[in-house]
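No experiment lies behind these values; they were computed from the predicted model shown.
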Amino acid sequence: MKPSVLTLSLASSVLLASIMGSASAESTSHLQPVKPTLSGEDVFNLEYANDVQISPDGRYIAYVRNSFDIMTDGTRRGIWLVDSETGQHTPLFADQHSYGNPTWSPDGKRLAFTSNRSGRNQIHVYWVAEQRVAAVTEVQSGPSQMAWSPDGKRLAFMMAVEESKSDFAKSVKMPSKPAKAKWGEAPIIVERTLYQRDGAGVTKSSYNQVFVVPSDGGTARQLTAGPFRHGGPLVWAPDASEIVFSANRDENWEYQSREGDLWAVKLQDNSLRQLTDLPGSESSATLSPNGKHLAFLHSGNAPVPYQNATLHRMEWASGEITAIRTDFDRSFDNPQWIDNRRLAVQYADRGRITVAEINLSGKLTTRVTDVGGIYASRPYTMGMYSVAPATGAIAYTYGTEYDLANVAVNEAGKRQVYTDLNGDVLAQRDLGEVREITYASSFDDTEIHGWYILPPDYEEGKQYPTMVEIHGGPHLSYGPFFAAEHQRYAAEGFVVLYVNYRGSTSYGEDFAMLLDGHYSSERDFADHMSGLDALIEQGIADPDNLFIAGGSAGGIATAYAVGLTDRFNAAAATNPVINWVSKTLTADSSIGQIQNQFPAMPWEDLEHYWKRSPLSLVGNVTTPTLLFTGEKDRRTPMAETEQFYQALQLRQVPTVMVRVPDAYHGVTAKPSRIEAKVAHTVAWFKRYLKNQDAE
């Protein structure tokens, strides 16, 4: 509900027309909303900016424009260009192909990107002045993490390379298949510890390696090798003789979830040298313009579920490492040099993303506080920025409570927004008003911070059906950002409460650690119930019509909550964990989760795993429960949902299991599934409304 002068003037016109008798008394006895509310069909028309990359001189901003395709149920990704001097907004590539990873050359005259326009995903280069484009690679799998050499003559990138078969796999001898015979698919041999990944299923034994290719096209050359974990971003040495990357090259790296170092590979002979060896993980390297300082992030190796990332620098010539800032109680991300004395960094604070300058002495100066808007379905604190070294201008994804990300630039303290991607949709809809809330948790008086959305036709003094919607992670956060799901719930008549309960990020390390050993538990349960009670006290929430929903960690909290209370009319748990023993031994996150979240292996401390499992409380559940999960989910496997469904069925508790075909943990990755999740949840909740018109 965003009242405006236009809305009020239109409403006044309708009233005036009725007074003058231009409409019948029947048609004007109840004023209809000037704008329609957000519908399921509207979701397909949403767009948002991401990967906003400003050219080195600050003149142009290239970005990936994301839009949904109602015919293919997918996401279209094109690259558009903004001229910061004229404001001109033009498409570079917007067709049936997919585009991503825009990366400016050092002189700003060329733009590298990845696209499948030539059949497979390849690196392409666009010459800005000449308006010409060419593919510069012909590789077998998708390249990523591109980085230009200082002279612009080469591009480094990362790409997965499949390892050769193991001795065992080679020793398996099968008879030859006769011509035209139709046999079943060959068995899959699994030997790796980390053998699966959500979104990909059971994976091949392939590992990311560093490559280099001439920027005007040629043969890509592999620089690293071996079955190790290699990652970007890639950074060229000042003389372009080496490329820096992050890696764990220990033979037991799969068991070391908190370890990683910075390495450099020499282009001349592919030799490697290790640059850092701090306890924990070093990542996100970036080199100062003069080539003297290599800044990077560091996280410790303590076996805990959350740690802040701190900022450090290494003198390139000597290798000496100095901390830039380690006492700031937020986690730094995405460092980028502004000049030789200052960097830009981003961090989450109370649900918002801030971009700040930091000098080599560690002094922080805030630049931008409204970064966000790149997650369409729920209001996650997610966004990005890039910096133009020549001007210090910061280009970023600008998100608000009522719109997804647009392209904005902050220069000399002034913000300019260059796009209005949803002006044709969201500006024409009556959205629910977003309000901020803080309150004390009944568990221990910890302050909980969050937001709630009112139905678009909200009337002060009237109580409404209210749902609490719980974010995943749990070490993530929600923020004051537009969310298609939440606005759809509001459009259906629900007040939607969403808060950053204990364990959430952006409130400091101590707050994030408040769920250590208690995930899920009576503690986060109290955080959510106290929020509902606060809305009841304000006369907003109807105490006879309370509902609970959440996904992933939020799905776990939902399933746990209905074992602790019968106050909810109904519940909707999306991809939950129900049994921590089965989850940790079947999911793709097994090792890291066991090492950093639990006190021991499942068979060594079964009591702890069981106490944290919603299945342990299933005998208490009376709340009608909907379960919504992707059938290919590898993070919280479908068997988790099936266990709860079977148990509730055996107890004859009203329950329904919604299985989403071909969906992984990101169950709303397709636009139709955003609305499918909302539609199933709304239908389920309205079955259990009391003293309300359930239309």
Side-chain angles (χ1 to χ4, degrees), residues 188 190 192-203 254-255 257 303 305 470 472-475 503 515-521 524-525 550-564 571-621 625-651 653 655-661 663-667:
I188 299 171
V190 175
R192 287 184 57 182
T193 303
L194 301 179
Y195 67 92
Q196 60 175 328
R197 187 174 70 253
D198 188 69
V202 175
T203 57
E254 289 184 303
Y255 299 94
S257 59
I470 307 171
H475 304 300
L515 271 190
D516 187 22
H518 301 279
Y519 161 51
S520 279
S521 68
D524 50 318
F525 170 75
S552 193
I556 303 167
T558 298
Y560 206 90
V562 295
L564 294 174
T574 297
N575 41 41
V577 172
I578 299 302
N579 180 344
W580 278 110
V581 174
S582 56
K583 192 276 186 190
T584 53
L585 296 178
T586 58
D588 68 345
S589 55
S590 59
I591 292 179
Q593 201 152 40
I594 291 171
Q595 290 179 342
N596 302 305
Q597 183 178 312
F598 289 94
M601 293 293 180
W603 53 90
E604 295 172 342
D605 196 346
L606 189 62
E607 181 180 356
H608 181 91
Y609 284 77
W610 181 244
K611 189 174 183 179
R612 297 279 65 82
S613 299
L615 192 59
S616 69
L617 301 175
V618 74
N620 302 334
V621 178
T625 301
L626 177 145
L627 300 161
F628 191 93
T629 302
E631 289 194 320
K632 290 186 175 180
D633 195 325
R634 296 273 173 171
R635 188 64 44 82
T636 56
M638 175 57 77
E640 295 299 306
T641 290
E642 290 171 335
Q643 288 180 70
F644 210 49
Y645 177 77
Q646 294 275 54
L648 292 177
Q649 285 289 328
L650 290 170
R651 296 199 60 252
V653 175
T655 183
V656 62
M657 175 171 56
V658 182
R659 305 170 66 98
V660 185
Y664 290 96
H665 194 63
V667 70

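The side chain to side chain contact (heavy atoms under 4.5 Å, CB included) check on Arg651 picks up Val621, Val653, with sequence neighbours excluded. By the ring pair (Phe, Tyr, Trp, His ring centres under 6.0 Å) test, Tyr519 pairs with Trp580, sequence neighbours left out. Under the side chain to side chain donor-acceptor pair (under 3.5 Å) criterion, Ser613 pairs with no residue, sequence neighbours left out. Legend: residues meeting side chain to side chain contact (heavy atoms under 4.5 Å, CB included) with Gln649, ordered by chain and number and at least two apart, are Tyr645, Thr655. Val190 meets the side chain to side chain contact (heavy atoms under 4.5 Å, CB included) test with Ile188, Tyr195, Val202; sequence neighbours excluded. Evaluation of the side chain to side chain donor-acceptor pair (under 3.5 Å) rule for Asn575 yields no partner, not counting sequence neighbours. The side chain to side chain contact (heavy atoms under 4.5 Å, CB included) search around Ala571 returns Ile548, Thr558, Val562, Thr623, Thr625, not counting sequence neighbours. Scanning for ring pair (Phe, Tyr, Trp, His ring centres under 6.0 Å) contacts around His608 gives Phe598, with sequence neighbours left out. Contacts of Tyr664 classified as ring pair (Phe, Tyr, Trp, His ring centres under 6.0 Å), with partners at least two apart in sequence or in another chain: none. Taking the ring pair (Phe, Tyr, Trp, His ring centres under 6.0 Å) definition, one finds that Tyr560 meets it with nothing, sequence neighbours left out.
Across all their heavy atoms, Gly555 and Ala573 have their closest contact at O-CB, 3.7 Å. Of all non-hydrogen atoms in Pro602 and Ile594, the two that sit nearest each other are CD-CD1, 4.2 Å. Nearest approach of Gln643 to Ser582, heavy atoms of both residues: NE2-OG, 3.0 Å. Summarising the geometry of Gly563 relative to Asn620, their closest heavy-atom pair is O-ND2, 3.1 Å, with the distance given to 0.1 Å. Residues Gly472 and Ser552 come closest through the heavy atom pair CA-CB, 4.3 Å.
Rounded to the nearest 0.5 angstrom, Asn579 CG and Glu642 CD are separated by 13.0 Å. Separating the CG atom in Asp524 from the CG atom in Leu515 is a distance of 5.0 Å, to the nearest 0.5 Å. A distance of 10.5 Å separates CD of Glu631 from OG1 of Thr641, quoted to the nearest 0.5 Å. To the nearest 0.5 Å, atoms CD1 (Ile556) and CD (Glu640) are separated by 8.5 Å. To the nearest 0.5 Å, atoms OG1 (Thr636) and NE2 (His665) are separated by 4.5 Å. One finds the OG1 atom of Thr629 at 8.5 Å from the CD1 atom of Ile578 (value rounded to the nearest 0.5 Å).
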Test side chain to side chain contact (heavy atoms under 4.5 Å, CB included) on Val618 and Phe644 and set out the steps. CA-CA 8 Å; Val618 74; Phe644 210 49; 3.8 Å; yes

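Judged as a side-chain hydrogen bond (donor to acceptor under 3.5 Å, both in side chains), the pairs with a partner in residues 583-607 (not counting sequence neighbours) are, in order, Ser257-Gln595, Ser257-Asn596, Arg258-Asn596, Lys583-Ser589, Lys583-Gln593, Asp588-Arg635, Ser589-Gln593, Gln593-Gln597. Counting only residues at least two apart or on different chains, no salt bridge (charged side-chain N to carboxylate O under 4.0 Å, His left out) pair has a member in residues 193-202.
At least one side-chain heavy atom of Val581 sits less than 4.5 Å from a side-chain heavy atom of Leu606.
A donor-acceptor pair under 3.5 Å is absent between the side-chain atoms of Tyr255 and the main chain of Ile591, judged by distance alone. Although no hydrogens or angles enter the test, the distance criterion places a donor-acceptor pair under 3.5 Å between the side chain of Arg612 and the main chain of Ser520.
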